[in-house]
K.L.:
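Starting off with a structure, shown below.
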Amino acid sequence: MDDVRAAGPARPNLWAGGLTSYAFSVEATIGQNPMRYLVGRRFEQAADNAPPTGALTMLFVIRPQVLYGTYVRISESAVGGGCEIHTFLPTMARPVKVAEALMFDCLPLTDVGYLDLMAWPHPGLRAVGEAAYLDPAADITWTPTTMVHYAGPSSVPGLRICDVVDVEFSMVIRRVLYRDGRQVRRWEITERGAAGEETLPARIRVARPQTGHGTEFVRASPAIAVPPDVFDGEPAGTRAWIGERLPG
């Protein structure tokens, strides 16, 4: 499992420059519903300036009101293949651990993919050679790219994923998910962050080619530093701390 994560880009997904504990806000519209999310992440490090050894990522749904209180908690290890996801909706009695077979889907009632929030490739993926039907970088002309192809775990037969990686910034800029050879979901950065925040996208689009459905996610704030211990408390307290310090 270790080599799968090493095969991916050098920088974690949604990397916020030199910050090791941070948060930012995201807005989107799904159907007629305006959505607002708070995203927080804390990297674990063995020493200052050392590569991260793990990551804790949390996403909180703020709008619409009917989903307020919903959150996702993802705990990952950069080595050893650990990845655990819990999700909570207001209708639940307690958080539920997401089974591996469902980690490649989306948070209920949203286009937020669990895989999109992970810092590294899911440890259940297996690096494989290029398949003939995979052409996800065909229309990318604005940056040199390379591609990493994965097969899904045994719990998700027929799953294939291709990450298109920006060579300059060593970051995923497009991810295409296939099931049984058919493209079912496409995640891509459509606007980089401003200078100094290039690895934290300003705009992301998710599309489902089979239905024509698409959602655009817009980062609505810069990344702010968060004291690491803020993530140690109850999720509601973490959400409140971040929410008080981000506009909107």
Side-chain angles (χ1 to χ4, degrees), residues 12-16 19 21-42 55-76 83-99 102-119 122 175 177 185-191 193 200-208 211 213-227 230-248:
N13 189 36
L14 304 178
W15 177 262
L19 295 175
S21 185
Y22 56 92
F24 56 92
S25 61
V26 175
E27 295 180 352
T29 299
I30 298 179
Q32 301 299 315
N33 297 316
M35 310 289 290
R36 177 174 170 79
Y37 309 94
L38 304 180
V39 182
R41 172 174 286 165
R42 180 183 67 191
L56 173 65
T57 303
M58 299 199 70
L59 176 137
F60 301 97
V61 181
I62 304 301
R63 289 198 300 265
Q65 183 62 37
V66 68
L67 292 179
Y68 182 82
T70 298
Y71 69 81
V72 177
R73 186 184 190 276
I74 303 176
S75 178
E76 299 176 81
C83 182
E84 191 170 279
I85 302 176
H86 287 84
T87 187
F88 176 79
L89 278 75
T91 54
M92 295 177 175
R94 61 185 63 85
V96 172
K97 184 177 180 179
V98 177
L102 300 178
M103 290 183 184
F104 305 95
D105 294 329
C106 294
L107 179 69
L109 305 177
T110 80
D111 270 342
V112 178
Y114 296 118
L115 194 66
D116 306 337
L117 296 172
M118 295 180 194
H122 184 276
R175 172 174 290 132
L177 187 149
R185 191 169 186 270
R186 186 184 185 101
W187 174 101
E188 58 190 323
I189 295 173
T190 56
E191 183 181 343
L200 189 60
R203 199 174 295 263
I204 289 171
R205 178 171 173 78
V206 174
R208 299 178 186 272
T211 64
H213 175 73
T215 300
E216 188 172 61
F217 296 89
V218 179
R219 181 159 56 86
S221 76
I224 62 169
V226 177
V230 168
F231 291 96
D232 290 335
E234 291 296 318
T238 305
R239 180 189 65 220
W241 193 99
I242 294 171
E244 290 170 0
R245 289 159 178 83
L246 288 174

K.L.:
Nearest 0.5 Å, what's the CZ-CD1 distance between F60 and I242?
P.N.:
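If we round to the nearest 0.5 Å, F60:CZ and I242:CD1 are 5.5 Å apart.
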
K.L.:
Hey, are E27 and R36 close enough for a salt bridge, meaning a charged N less than 4.0 Å from a carboxylate O?
P.N.:
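Looking at R36 together with E27, the answer is yes, because their closest N to O distance falls below 4.0 Å.
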
K.L.:
Between S221 (side chain only) and S25 (backbone N and O only), is there a donor and an acceptor less than 3.5 Å apart?
P.N.:
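The answer is yes, because a donor-acceptor pair under 3.5 Å joins these two groups.
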
K.L.:
Is R41 close to Y22 at the side-chain level, that is, under 4.5 Å between some pair of heavy atoms?
P.N.:
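A side-chain contact under 4.5 Å exists here.
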
K.L.:
Looking at side-chain heavy atoms only, is the closest gap between E191 and V218 below 4.5 Å?
P.N.:
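With C-beta onward as the side chain, the pair stays apart.
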
K.L.:
Can you check whether M118 reaches C83 side chain to side chain, under 4.5 Å on heavy atoms?
P.N.:
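M118 reaches C83 side chain to side chain.
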
K.L.:
Ignoring hydrogens and angles, tell me if any N or O in the side chain of R42 forms a donor-acceptor pair with the backbone of F231 under 3.5 Å.
P.N.:
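No; judged by distance alone, with no hydrogens or angles, the pair does not exist.
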
K.L.:
From T238 OG1 over to D232 CG, what is the distance, rounded to the nearest 0.5 angstrom?
P.N.:
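Taking OG1 in T238 and CG in D232, the distance rounds to 8.0 Å.
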
K.L.:
Taking the side chain as everything from C-beta on, heavy atoms only, tell me whether F217 gets closer than 4.5 Å to P201.
P.N.:
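In short, these two side chains do not touch, never coming nearer than 4.5 Å.
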
K.L.:
Once you round to the nearest 0.5 Å, how far does CG of L107 lie from CG of L117?
P.N.:
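Between L107 CG and L117 CG, I get 8.5 Å after rounding to 0.5 Å.
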
K.L.:
Could you grab the distance from atom CG of N13 to atom CH2 of W15, nearest 0.5 Å is fine?
P.N.:
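The CH2 atom of W15 is 12.0 Å from CG of N13, to the nearest 0.5 Å.
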
K.L.:
For the atom pair OG1 (T70) and OH (Y37), what is the distance rounded to the nearest 0.5 Å?
P.N.:
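With rounding to 0.5 Å, OG1 (T70) is 9.5 Å from OH (Y37).
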
K.L.:
Is the shortest distance from a Lys or Arg side-chain nitrogen in R208 or D111 to a carboxylate oxygen in the other one below 4.0 Å?
P.N.:
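Salt bridge present between R208 and D111.
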
K.L.:
Find out whether K97 and H86 are in side-chain contact, i.e. whether some heavy atom of one side chain is under 4.5 Å from a heavy atom of the other.
P.N.:
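In short, these two side chains touch, coming nearer than 4.5 Å.
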
K.L.:
Roughly how far apart are L19 CG and L200 CG, rounded to 0.5 Å?
P.N.:
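Here the interatomic distance stands at 9.5 Å.
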
K.L.:
Under 4.5 Å between any side-chain heavy atoms of L89 and T87, yes or no?
P.N.:
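A side-chain contact exists here, since the closest heavy-atom pair is under 4.5 Å.
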
K.L.:
Determine yes or no for a side-chain-to-main-chain donor-acceptor pair under 3.5 angstrom, with S75 supplying the side chain and L56 the backbone.
P.N.:
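Side chain of S75 to backbone of L56, a donor-acceptor pair under 3.5 Å: no, none is there.
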
K.L.:
Would you call Y68 and I62 a side-chain contact if the rule is heavy atoms closer than 4.5 Å?
P.N.:
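Result yes, sub-4.5 Å side-chain heavy-atom pair found.
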
K.L.:
For residues D116 and R185, determine if any side-chain heavy atom of one lies less than 4.5 Å from a side-chain heavy atom of the other.
P.N.:
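Result yes, sub-4.5 Å side-chain heavy-atom pair found.
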
